[in-house]
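Only one structure is covered here, and it is reproduced in the block below.
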Amino acid sequence: MDLIEKALRIAGEAHDGQFRKLTKMPYITHPAAVGMILQKYGYGEELIAAGILHDTVEDTNLSLNDIEREFGPMIAKIVAGCSEPDKSLSWEERKAHTIEFLKDAPIEIRAVACADKLHNIRSIRYDVEQSGEEVWKRFKRGRKEQEWYYRRLVQSLGHESSFEMLEEFGREVVKLFGEELQ
Ligand SMILES: Nc1nc2c(ncn2[C@@H]2O[C@H](COP(=O)(O)OP(=O)(O)O)[C@@H](OP(=O)(O)OP(=O)(O)O)[C@H]2O)c(=O)[nH]1
């Protein structure tokens with residue numbers, strides 16, 4: 001079976017019944033959008049499949065072994081790189097770990113993580129445009145902390161080298177939070 005079709009079927013089933021935070025939007029719309037973003041920026045089917053699968057280990061019953069068995073070591077490595085290793089830690093510790101890890105992560109992990117964060121920040125912007133500042137309440141931390149997280153993500157993802165999708169992510173961060181005051 002085509003790799004992307006297989007990723008959609010497996011992720012679709014694994015995320016069945018899950019929704020984006022406090023919405024009626026089926027969760028699978030997010031990983032599918034991440035795959036589409038990667039396709040738009042010219043990445044190949046292995047990265048697109050990894051993008052579609054990126055939240056399966058963190059948020060569903062699938063394990064990294066399941067992903068490696070079905071999709072091989074490269075896709076499993078990317079999914080591992082996009083998963084928070086310890087969900088029991090505080091929000092601050094988990095996000096600080098992501099920021100540090102992405103600084104010198106392999107480019108294929110940075111590309112999928114960037115597509116993930118790009119879709120998340122765009123959906124926040126659309127939600128704020130539609131529903132106003134109430135939207136921040138659905139997250140574990142509010143606007144100020146999310147601003148800190150997204151600005152650090154732009155720096156961290158560009159620590160080694162920049163790429164086209166990261167430029168777009170940087171523009172989205174400025175659209176939502178404004179230029180950073182020095
Ligand atoms: N923008 C947005 N995000 C949503 C929505 N529903 C779920 N999420 C997920 O929520 C996370 C941010 O929510 P927080 O409350 O700040 O943190 P937490 O769930 O990770 O504890 C994002 O994770 P992340 O750590 O930034 O990345 P990742 O988990 O996708 O890798 C994102 O994937 C939604 O409707 N809009």
Side-chain angles (χ1 to χ4, degrees), residues 7 11-12 14-38 47-62 64 67 75-103 105-106 108-158 165-166 168-177:
H15 288 292
D16 185 39
Q18 297 178 350
F19 296 89
R20 296 285 277 164
K21 276 182 199 263
L22 303 183
T23 74
K24 289 182 178 161
M25 188 84 108
Y27 196 84
I28 191 62
T29 56
H30 166 62
V34 169
M36 285 191 273
I37 290 172
L38 288 159
L47 260 76
I48 297 169
I52 293 166
L53 293 160
H54 82 275
D55 270 335
T56 53
V57 171
E58 195 174 290
D59 294 336
T60 81
N61 289 332
L62 293 180
L64 262 186
I67 300 296
I75 290 181
K77 183 187 87 172
I78 299 173
V79 172
C82 291
S83 306
E84 290 178 345
D86 187 352
K87 280 296 224 184
S88 72
L89 297 176
S90 69
W91 185 93
E92 283 74 14
E93 288 168 312
R94 287 185 285 116
K95 303 308 169 190
H97 171 274
T98 300
I99 290 163
E100 274 312 300
F101 170 76
L102 290 175
K103 269 187 189 165
E108 54 276 13
I109 293 180
R110 285 190 290 137
V112 174
C114 184
D116 171 26
K117 310 308 176 197
L118 177 54
H119 182 251
N120 278 341
I121 195 166
R122 275 190 186 143
S123 53
I124 295 175
R125 182 165 60 80
Y126 298 145
D127 288 343
V128 168
E129 281 167 12
Q130 217 170 44
S131 315
E133 299 295 317
E134 285 288 293
V135 165
W136 297 108
K137 292 192 183 145
R138 68 171 78 137
F139 300 109
K140 296 200 179 98
R141 294 292 182 278
R143 187 184 192 282
K144 187 165 156 272
E145 292 88 351
Q146 301 290 347
E147 175 178 352
W148 165 82
Y149 178 47
Y150 278 103
R151 290 201 196 280
R152 295 297 86 78
L153 280 171
V154 175
Q155 292 172 347
S156 162
L157 287 164
M165 188 179 22
L166 176 57
E168 176 59 15
F169 179 49
R171 284 190 290 274
E172 279 291 342
V173 171
V174 170
K175 262 191 214 166
L176 185 61
F177 296 113

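Just so you know, residue 1 is the first one in the sequence shown, and it goes up from there. Each ligand, and each atom within it, is numbered from 1 in the order the structure gives.
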Region of N120 that comes within reach of ligand 1 [heavy atoms, distance under 4.0 Å]: both
Q155 side chain vs R152 backbone, donor-acceptor pair below 3.5 Å: no
Which of the ligand 1 atoms, numbered from 1, are nearer than 4.0 Å to a heavy atom of I124: 1 (N)
Atoms of ligand 1, numbered as shown, that sit under 4.0 Å from any heavy atom of R94: 18 (P), 20 (O), 21 (O)
For E84, atoms of ligand 1 separated by under 4.0 Å from a heavy atom: 25 (O)
Note: K103-E100 ion pair, threshold 4.0 Å (strictly below): yes
Interfacing atoms of ligand 1 (cut-off 4.0 Å, heavy-atom, K117): 24 (P), 25 (O), 26 (O), 27 (O), 28 (P), 31 (O)
Ligand-side contact atoms (ligand 1) for residue partner D116, heavy atom cut-off under 4.0 Å: 27 (O), 28 (P), 30 (O), 31 (O)
Close-contact set for ligand 1 against S123 heavy atoms, below 4.0 Å: 1 (N), 36 (N)
Option of least heavy-atom distance to atom 16 (O) of ligand 1 (set: K140, Q18, K21, Q146): Q146
Nearest protein heavy atom with distance in Å, relative to atom 29 (O) of ligand 1: E58 OE2, 3.4 Å
Minimum-distance protein heavy atom relative to atom 25 (O) of ligand 1: K95 NZ, 2.5 Å
Closest to atom 12 (C) of ligand 1 (judged by heavy-atom distance), picking from W91, W136, F139: F139
